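Because only heavy atoms are used, hydrogens play no part in the values below, and waters and symmetry mates are left out as well, while side chains stay in. The structure displayed is predicted, hence computed values, not measured ones.
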Amino acid sequence: MLQKKVLPNLNEGFSRITFCQNDDDVKTAVNTYSFLGLFDSLPPGIIGQKSGDAKVQQGIMKFFKKVDTDGNCSQNSAPKHENNENNPRPMGIEKGSEVGKDEQNDFQWNDAPTLAFPSISTSDFQFNMDKASDVIVEAVADFFSKVDKVKLILVDLSSKSKMLSLVKVKASEKNVDTTRFSTYAGDITRLYTGGGLHCNVIANASNWRLKPGGGGVNAAIFSAGGEALEIATKEQADTISPGSSIIVPVPRTSPLNQREGVTYVIHVLGPNMNPQRPNCLKDDYVKGCKVLYEAYSSLFNNFASIALSQNYQKEYSGDSKSEPTKSVCKSFEAVVECQRSSSEQKSKREVSYGSDCNKKSKYNGDSGGLPGMLEKEEQKSERSDHSAKSSWGSWAHALHQIAMHPEKHNLDVVEISDDFVVLNDLYPKAKKHILVTSRLPGLDCLADIRREHLPMLQKMHAAGLKWAEQFSSHDPSLVFRLGYHSVPSMRQLHLHVISQDFDSTHLRKKKHWNSFNTPFFRDSIDVQEEIKMNGLATIKDEKLLSSELRCHHCKSAHPNLPRLKSHIATCKAPFPSHLQNGQLIFALSGSSDAVSAI
DNA sequence: GTTCTAGAAC
DNA sequence: GTTCTAGAAC
């Protein structure tokens with residue numbers, strides 16, 4: 001029954017997970033937590049997990065049985081740390097050693113726009129270095145095949161860096177021009193003061209929340225950039241998807257700008273192979289290499305767009321040394337697309353759809369086309385892929401029929417507008433459960449949504465919110481969540497508005513519960529934010545539907561649905577913090593008046 | 001999406 | 001023996 005049980009993970013909303021291997025561990029943990037006061041907290045992280053048996057079925061279900069006490073792991077054992085050798089912390093100014101061609105002897109390249117970038121994903125995200133070095137060299141070679149008069153420098157803190165060695169060897173084997181691509185051992189935040197390098201653009205191996213901290217390059221760059229860089233980053237985006245990058249202009253007030261002359265930081269998020277970090281690909285290196293290639297492609301293309309704009313500026317200000325702007329790009333159109341309009345530029349910058357290169361890459365076989373075109377082509381292919389994959393069962397068209405012809409379903413429908421139809425779920429999984437269904441033909445699921453659908457998403461959300469508030473005004477005990485199933489069973493995009501009591505005889509299967517209480521359920525406000533940012537919504541894996549049953553309040557695990565249902569009927573714990581950012585709709589104070597006034 | 005039901009779990 | 005899950009069929 002519990003064969004597919006999965007371990008709890010920090011990205012499910014837990015701030016701290018303590019693994020207990022025996023009864024003593026349990027007692028210690030209970031004592032530790034019971035001494036906490038209302039405002040006390042323990043350091044976040046995963047505590048006591050055995051490093052070697054992460055895949056072994058342990059987790060919280062051990063609480064239900066006596067376990068063998070092999071006693072190797074204490075409650076206070078330290079969480080798994082980053083590989084410090086591969087992820088050195090900033091250590092101040094180091095004497096840099098450049099391993100590429102001697103820059104000083106090649107004067108014409110001194111003024112070329114230069115991007116310094118760290119190895120993405122090979123440190124904290126534990127991506128295999130050999131594979132990563134292949135991807136770097138491939139991405140650099142592809143980039144150089146279409147963009148000229150720019151330089152790239154791969155930076156690592158240590159002169160003994162394995163990544164630098166691997167990349168240097170492979171770049172040489174592939175005859176990559178070392179005038180334009182070199183490696184540098186030193187601190188990326190002190191390229192000028194520590195190594196005399198003029199790099200006005202540097203890349204950061206970011207985390208998905210674009211937050212400082214976490215150690216390694218990310219901590220170092222945010223630390224060097226100061227508060228000004230943090231604020232500038234927040235102005236650009238709140239989050240970033242794996243395989244993409246965003247450009248952040250570094251304010252003049254930032255020490256990174258003043259001291260090092262860095263005017264742009266490009267935050268990049270690569271694929272993650274570390275199970276203790278979000279979006280772990282679990283050693284899927286086919287996908288991993290593809291995402292890593294996309295990350296570098298996105299980074300280099302964003303850098304090219306900056307280089308191009310700088311050349312424009314030089315040309316217009318008469319500062320250009322008669323170097324035609326177009327010479328930056330062999331495939332000029334590939335980058336000039338980024339310059340069309342500020343709004344378009346921003347959207348292009350925020351998300352990468354892989355290589356803009358016209359030639360095929362082994363990591364991105366269908367990556368032909370230009371950036372502007374690429375998105376459209378990608379949309380087409382994704383949509384057609386989805387359609388090809390989707391074999392909707394005969395039962396799955398009911399919503400579509402109602403959305404197209406709501407007048408024929410008066411008994412089911414409670415509200416009709418030009419954009420959506422609101423109806424009661426035929427098999428409600430809670431006391432109140434309605435669906436706000438889009439009326440746009442051809443829009444079947446979350447994967448079909450693009451930027452142009454944002455206004456409609458907002459209207460659907462507003463309608464769902466209105467109904468939730470109305471229900472709450474009649475029964476203030478009801479709390480609602482609005483969201484979409486990552487992969488719906490019924491075609492025609494529909495927003496679930498569901499009360500969080502889950503008190504329904506129709507809620508009978510694990511799949512039912514998990515479809516509303518795992519990340520498979522995508523909150524409407526998060527989806528809207530993602531579409532705004534990236535033009536695409538994240539689709540979570542259907543495997544989540546078979547994951548362990550956990551209370552949506554206290555996160556306790558339960559062996560079967562009846563036991564879970566009896567637990568949630570009495571659980572008094574508050575909702576977890578990851579749902580406290582507007583995902584939950586509570587009754588308004590004085591809501592009766594407020595709603596009746598709508 | 002649900003219903004039915006064999007077989008696993010208890 | 002009863003409860004519960006999960007896969008097939010619709």
Side-chain angles (χ1 to χ4, degrees), chain A residues 1-6 56-68 386-387 389-406 408-409 411-414 420-439 443-448 460 464 481-499 502-518 520-522 539-552 556-569:
Chain A
M1 183 172 65
L2 297 171
Q3 294 304 305
K4 292 183 180 175
K5 180 163 58 64
V6 292
V56 176
Q57 301 300 324
Q58 291 194 9
I60 201 163
M61 292 307 289
K62 288 285 186 187
F63 283 92
F64 295 126
K65 283 184 174 180
K66 291 280 183 184
V67 297
D68 293 336
H386 179 74
S387 301
K389 272 187 284 180
S390 301
S391 49
W392 298 102
S394 54
W395 68 87
H397 301 272
L399 268 182
H400 176 77
Q401 289 301 315
I402 294 173
M404 296 302 118
H405 308 287
K408 294 180 182 173
H409 301 82
L411 292 176
D412 304 314
V413 172
V414 295
F420 57 80
V421 168
V422 183
L423 64 152
N424 287 308
D425 194 300
L426 186 58
Y427 301 98
K429 304 300 186 295
K431 282 179 180 170
K432 289 292 179 186
H433 183 187
I434 61 169
L435 305 176
V436 182
T437 307
S438 160
R439 298 191 66 187
L443 195 65
D444 284 335
C445 56
L446 215 48
D448 292 338
M460 290 170 67
R481 249 179 112 181
L482 280 58
Y484 301 86
H485 284 153
S486 285
V487 183
S489 298
M490 305 274 281
R491 67 176 288 211
Q492 200 64 25
L493 181 75
H494 53 281
L495 171 70
H496 289 268
V497 178
I498 184 164
S499 59
F502 295 104
D503 179 7
S504 166
T505 53
H506 295 291
L507 186 80
R508 292 182 291 104
K509 302 177 83 170
K510 175 184 267 191
K511 181 179 177 178
H512 295 149
W513 176 262
N514 282 336
S515 73
F516 291 103
N517 291 290
T518 66
F520 184 85
F521 188 75
R522 302 294 334 282
I539 310 298
K540 296 291 184 180
D541 201 306
E542 287 179 274
K543 285 177 186 166
L544 286 164
L545 297 176
S546 55
S547 53
E548 211 168 32
L549 292 165
R550 290 180 181 279
C551 171
H552 59 321
S556 58
H558 298 266
N560 55 52
L561 204 59
R563 294 267 288 273
L564 173 69
K565 288 179 84 172
S566 64
H567 166 81
I568 62 171

Item to check | Within the 6.0 Å centroid threshold, strictly below: His485(A) and Phe516(A) | outcome: yes

Item to check | Ring centroid separation His552(A) to Phe502(A) under 6.0 Å | outcome: yes

Checklist entry - Under 4.0 Å: is that the gap between some side-chain N or O of Lys510(A) and OP1 or OP2 of dG7(C)? => result no

Checklist entry - Does Arg508(A) have a side-chain nitrogen or oxygen under 4.0 Å from the phosphate oxygens OP1 or OP2 of dT3(B)? => result yes

[N] [atom2] sits how many Å from [X] [atom1], rounded?
X: Leu545(A); N: dA6(C); atom1: CG; atom2: P; value: 11 Å
X: Phe516(A); N: dG1(B); atom1: CZ; atom2: C1'; value: 11 Å
X: Trp513(A); N: dC4(C); atom1: CH2; atom2: P; value: 16 Å
X: Asp425(A); N: dG1(B); atom1: CG; atom2: C1'; value: 9 Å
X: Leu564(A); N: dT3(C); atom1: CG; atom2: P; value: 19 Å
X: His512(A); N: dG1(B); atom1: NE2; atom2: P; value: 7 Å
X: Asp444(A); N: dG1(B); atom1: CG; atom2: P; value: 14 Å
X: Ile402(A); N: dG1(B); atom1: CD1; atom2: P; value: 13 Å

Checklist entry - Taking the side chain as C-beta and beyond, is there a heavy-atom pair between His567(A) and Ser556(A) under 4.5 Å? => result yes

Checklist entry - Are any non-hydrogen side-chain atoms of Leu493(A) and Met460(A) less than 4.5 angstrom apart? => result yes

Applying a 4.0 Å non-hydrogen cut-off, can you work out what [X] is touching in the nucleic acid: base, sugar-phosphate, or nothing?
X: Leu561(A); result: sugar-phosphate
X: Lys511(A); result: nothing
X: Ser394(A); result: nothing

Item to check | Minimum-distance nucleotide to Ser489(A) side chain [options: dG1(B), dA8(C), dT5(C)] | outcome: dG1(B)

Checklist entry - Closest to the His494(A) side chain: dT5(C), dG1(B), dA6(C)? => result dG1(B)

Checklist entry - Hey, is Trp395(A) stacking on dT2(B)? Ring centres under 5.5 Å, planes under 30°. => result no

Item to check | Arg550(A) to Glu548(A) - nearest heavy-atom pair and separation | outcome: NH2-OE1, 2.9 Å

